[in-house]
Each structure stands twice: as C-alpha cells, then as structure tokens.
Amino acid sequence: MISQSREHSLLEAIAADPSRKVTPPVGPSYLTNPPGTGFWQGVMSWVFTLDHKRIGVMYLCGIMFAFLLGGLQAGLVRFELWDGTPNLLGQTEQQAQDAYNQAFTLHGAIMTFLFIIPSIPAALGNIFLPMMLGAKDVAFPRMNLASFHLWCGGAMFFVATLLTTGLDTGWTFYTPYSTTTSTNVILATMGVFILGFSSIFTGLNFVVTVNTMRPKGMTWFKMPLFLWGIYSTAIIQVLATPVLAITLVLLLCERTMGIGIFDPARGGDPVLYQHFFWFYSHPAVYIMILPAMAIISEVIPVFCRKHIFGYSFIAYSSVAIALLGFLVWGHHMFTSTESKLAAVIFSALTFSVSIPSGIKVFNWLTTMYKGSIRLATPMCYALSFLFLFTIGGLTGLFLGALAVDVHLHDTYFVVAHFHYVMMGGTLIAFLAGVHYWWPKAFGVMYNELWARVACLLVFVGFNLTFFPQFILGTQGMPRRYAGYKDEFQFFHQLSTSGFVVLGLGLFLAAGVLIASLFNGRKAPANPWGAATLEWKCCSPPTHHNFIEQPWVGEPYVYDDFVFDPDEGGYVEVIPDLSRGAKPAKQPAEPTTV
C-alpha cells in the first residue's frame, strides 16, 4: 500500500521535473467518424466495423436490450405470484397458468443465453482484452464481427418466439415435453444453436489473442487477472458449447422426425437429454461466473491501493474451476434415476469445485485487509458481490449434499441459490466492471453519489427479492407454479416488493450512466489509479488504442501512481530518470512466453 510520504515525494518529483510524469498522448476517439461522414455511412461504419471496441459497445447495447426483455418477463412472473391465484396473465385460470409458464421460460432463456453468458466476455472482454495486452485489436477481427452478427441472429429468433406462440418448456427444453408442446420450440432452439456459434467464435478469438499477442515483458504471470479469467472462460466456450449444439440438433430431429433418441416408446431415454444438456450447462455456469470473478480481481486491489494477495493462486484457481466444471454435471440429476455410486461421486466433485472459489474469496478479503479502501461505485458493487456470491456459493453446498438435495430439489431454494450465484454474482460484477471501465470506454465521469445510491437500491432490492425464496424452498414451495397455498403468500409478496426496489435501482444505475454521456465531465486517462495497460491510453481510446506503445510493468503495483490535481486523475511517475522519461514508441513484438 502506497504511503502518504511516498505520495508527497512523487508529487514533488513531477513538480520539479514534469518530464517524469507519464501522460498518454491524445488522439481521435474511436466513437467518432471522420468529418464529412454521412448518417448512413456512419451507421454502416458501426455495423461492419472491425474495431474491437465498437463491437464491444454494440454487444453492450444488445445485451442490455436483452436484459430489459428478460426483466420484463420476470416482472410478469413476480406480479402473477402476488396473491397465489393465477388471474393476472389470462382471463381464465388455465390461460393465466399457460401464460405464466411462457413468461418464466422466456425469462430464463433470454437471461441465460442472451444476457448472462455473453455479458462480460463479449461486451467488456471485447472492449478491454486487447487494450490490457497493449494490442491494437483481437487476433481475428472479422471473426469477432461475425460473432456479433450471429448473436443478433440468435436474438431475432428469440424475439420471433416471443411474438408468435411463445415457449413453455422451461429454459432447459427438457424432453419429453419439449418434443410434444405446441409452443415454438424449434424457433427457440435454433436461436440457442446460433448463439452457440457466436460464443465459440468469441472464445476462439480470445484464446488465440492471449496466446499470440502479448507484448514483450508480459509473461503468463504478469498478465492481469482479468485476462486469466477470460482465457479460462474461453476454453470452456470452445470445448463445451459444441455439446449443446449437438444436443439441440438431436432435439430438433426428435421433434420433427420422431427418430426416438429421447422417446422411450421408440427405445430412447429422456434422461440422456439431461446428461447432454447439463454437460454443457454446468460448465456454462462458469462461463457466467469466471469473468465476474475476474472483474472483482481487478477492482478490489485498485480501490484498496494494494497488490492483489496470492496472484498465482487466483490465476490457477480460474483454470481449476474451468476444468472441474466439466466433472460435476450429474448433481443436477440426483433425483433422475441416477445410480447411488454416480450420485456419491458427483456429490464429492461438487464439493471439490467450491475449493478454488473459496481460494478467490479468501484472497480478495486478504487483499482488503489493512488496505486504503475507497468506496467508489465499482468498489461498492465489488463488496456487494462478495456478500451475495458467498451466500450463493454456501447454499450450493446444501444442494450438493445428497440427502438435503432430495428435499430441496425443484423448490424455490434452487431458484434463490441460482439467482444469488448468477445475478448476485455475474450481474453485480458486470455492474462493477461497467462502472469501473465506463470513464475509459466513453471518456466521461458519471455522478458518483447517485451511482452509489443505485448500488444500495440494487443490493437491498436483490436480497429482499431472493432471500425469502430460501425460506419458501425449505417450507416446500415448488418452483414453476403459478398458484400456491396461503401460507406462502407473505414471502411471495415480500419477494415481489423486493423486485420493485431492485428494478428501481437498475433503472437508476442505467439513468446515471446514460446521463453522463450528455453532461458528464471529461474523464482523465486514469481516474482510479490502476496500473494495467488499458489505463495507459487516452480516454476514450483512439481506433488503434495506443498512439505510443505502453511500457509493460507489474499490473498490481501502485507505488509509481499518484493523484495529480492538474490532471484530475492519477498519473504514473518515473522514479528514476535512467529508466527513460517516455515509453518506447515502436510497437512491442508479440510473444508466446
């Protein structure tokens, strides 16, 4: 942790010799087109851009639209559950129940496949991964653009599903119901199939980019931990997603041709579908949470002004989670005629995967110990993540225990656990990352006070929404039911009230960020005092990120950074003039060390 005497000496050093202050040169923003560009030329320059930052911004807009759609479906679910009698979504009870089934199905499918899986890798990863490598773009820019266009194609299929007969199978598309329902399973599964290719393209691009485009001096153990998390995620995307694609093709063949893969009347097995689906979908949980953990590993040391504790343990734990995630799919089928031996093995593996997650939490807390903590908005979201993700992880241990899972299986306890991990983990970390990198991506600062108020509302609303569902689950309330007994009404109404608070917080957070685009003050190059390479270019970056190639140093050493009132942000100070007053201007050669 940097001391006050060190800060004073650095300020005195740059006052005495301004050449020791490293300030990135300013160039034209990637957000703007050359003068004289017409409106439609400007639109096409975005739609067919090869700039990774523009592609990331388009992903960000797209997934936020998907988040809005999924959130509206969640609102229909919560308000239908207000009084325990299905009467909101239809004129008759049967119509209301059918509409309820479609609402929670589309909520789950849209949130999972269109928002949570691509949110951090495709949006924030696309914008910042090359910049953290000191590179001008990803390895395959055209593949990157194709992945976004595929995502748009998959999203269109989901919108078409929403506008036609809907979908009522649950987001897992379980057979045999998905082969017999009259709702639009084919459109939805085609959408997921296309989204799978988008995910594979993104993963391949990131693996190759990290392996081949690191600059000299950036060895594996000098990479920012965000890159470790995205790299581990990309491995899962490349290896696991084809299994989902094959499974959905088999489901389409079963539905259209009746070939009997999952139909027991034709010699098939519906449980086989569950094995195929969860062999992808449990690793997909780590596609969602590993990038979230990677963001927290960036935010906490910056706002504690301390080197991350146990760097190598956090890096290796990301890889361990990626590998162990492939071995635990069977815990979703403890009640699906699984053998006792298989159930015991999967239960033990489920407990083992919690170890690397626990290592991360321990290292984050240790990093905070005796740190100079600043409660800026990204740090507030990071602290929220620690609280919520820990609850989600610990409640997962109950579901991994065989005897307990039999009672809790398919109850609201599972709903609460899943949301504490996926929303309390991935969404909260995503918000931390958006607020952390917003000044760099868009070159403006947002209103800190209102952003922190929004964080508080999100935190309170989230716990008010989902914690009562743990109680509902232990009392036996099954998931996916539109009606329930009077004894459950209080907790459902508490949960729905929390949803309103949560929604207000999310809309306020979005409003604060959008307002900053119009009236936010200009952001300095490094407003938080971070040491990773993306903060060594101007805000917002130029089309090729760096006008001068930045010097590669330690990503979590803050001794040479001091707040400069003249800049309105942090600057790097060269402590020894023999090191050279400027970074090298020529691009560093890539290395695969």
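The residues of the chain are indexed from 1 along the displayed sequence.
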Testing I321, T390, V421 for side-chain contact (heavy atoms from CB on, under 4.5 Å) with S357, which one passes?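 Option passing the side-chain contact (heavy atoms from CB on, under 4.5 Å) with S357: I321.
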Between [X] and [Y], does the ring centroid distance fall short of 6.0 Å?
X	Y	value
W329	F346	yes
F197	F193	yes
F462	F466	yes
H492	Y412	yes
Y286	H282	yes

Show, in sequence, the C-alpha distance, side-chain angles and deciding distance for F67 and M111, and conclude whether the side-chain contact (heavy atoms from CB on, under 4.5 Å) test is met. CA-CA 6 Å; F67 182 62; M111 284 296 200; 3.4 Å; yes
Can you list every pair that meets salt bridge (Lys or Arg N to Asp or Glu O under 4.0 Å) and has a residue in residues 264-289, with sequence neighbours left out?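 Listed once each, the pairs are D263-R266.
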What pairs of residues pass the salt bridge (Lys or Arg N to Asp or Glu O under 4.0 Å) test when at least one of them lies in residues 59-81, not counting sequence neighbours?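 Sorted pair list comes back empty.
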Rounded to the nearest 0.5 Å, what separates atom [atom1] in [X] from atom [atom2] in [Y]?
X	Y	atom1	atom2	value
Y273	S178	OH	OG	5.5 Å
M132	I127	CE	CD1	12.5 Å
F385	I296	CZ	CD1	5.0 Å
I295	L225	CD1	CG	12.5 Å
F326	L349	CZ	CG	14.0 Å
N144	R54	CG	CZ	14.0 Å

Do [X] and [Y] make a side-chain contact, defined as non-hydrogen atoms from C-beta onward lying under 4.5 Å apart?
X	Y	result
F173	T179	no
V404	L399	no
L252	M257	no
L494	L464	yes

Nearest heavy atoms of [X] and [Y], plus distance in Å:
X	Y	value
I259	C253	CD1-CB, 3.5 Å
I55	P141	CD1-O, 4.4 Å
H417	T395	ND1-OG1, 3.3 Å
R255	T183	NH2-O, 3.3 Å
L187	T164	CD1-OG1, 4.0 Å
G461	T465	O-OG1, 2.7 Å

Using a 6.0 Å cut-off, check whether atom [atom1] of [X] has over 12 heavy atoms from anything other than its own residue.
X	atom1	answer
Y177	OH	yes
M156	CE	no
F507	CZ	no

Quick one: does E254's side chain have a donor or acceptor within less than 3.5 Å of a partner on G260's backbone?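 The answer is yes, because a donor-acceptor pair under 3.5 Å joins these two groups.
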Does N463 have any side chain to side chain donor-acceptor pair (under 3.5 Å) partners at least two apart in sequence or in another chain, and if so, which?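 Residues passing side chain to side chain donor-acceptor pair (under 3.5 Å) with N463: Y420.
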Run the numbers on M333 and H275 for side-chain contact (heavy atoms from CB on, under 4.5 Å), then give the verdict. CA-CA 8 Å; M333 288 166 284; H275 280 282; 3.6 Å; yes
Just by distance, no angles: are the side chains of D168 and Y100 close enough, under 3.5 Å, to form a donor-acceptor pair?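 No, no side-chain donor-acceptor pair sits under 3.5 Å.
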With distance as the sole criterion, is a donor-acceptor pair present between the side chains of Q97 and N101 under 3.5 Å?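 Judged by distance alone, the side chains do not pair up.
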Worked check of side-chain contact (heavy atoms from CB on, under 4.5 Å) between L502 and V458: CA-CA 5 Å; L502 175 60; V458 169; 3.8 Å; yes
Residues Q94, D98; criterion side chain to side chain donor-acceptor pair (under 3.5 Å); working and verdict: CA-CA 6 Å; Q94 185 61 53; D98 291 341; 3.0 Å; yes
Taking only distance into account, with no hydrogens and no angle test, what donor-acceptor pairs under 3.5 Å do side-chain atoms of residues 478-488 form with protein atoms, sequence neighbours excluded?
unit_1	atom_1	unit_2	atom_2	d
Y484	OH	L81	O	2.5
Y484	OH	W82	O	3.1
Y484	OH	G84	N	3.1

Taking side chain to side chain donor-acceptor pair (under 3.5 Å) as the cut-off, I'd like each qualifying pair that reaches into residues 150-162, sequence neighbours left out, listed once.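 Of all non-adjacent pairs touching residues 150-162, none passes side chain to side chain donor-acceptor pair (under 3.5 Å).
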Between F276 and F262, what is the ring plane arrangement, given parallel below 30°, perpendicular above 60°, and tilted in between?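 Correct class here is perpendicular.
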Using the six-membered ring wherever Trp is involved, compare the ring planes of W278 and W171 and label them parallel, tilted or perpendicular (cut-offs 30° and 60°).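 Geometry flag for W171 against W278: perpendicular rings.
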Return a table of donor-acceptor pairs under 3.5 angstrom between the side chains of residues 232-248 and protein atoms on other chains or two or more places apart.
unit_1	atom_1	unit_2	atom_2	d
S232	OG	W228	O	2.9
T233	OG1	G229	O	2.7
Q237	NE2	S199	OG	3.0
T241	OG1	Q237	O	2.7
T247	OG1	V243	O	2.7

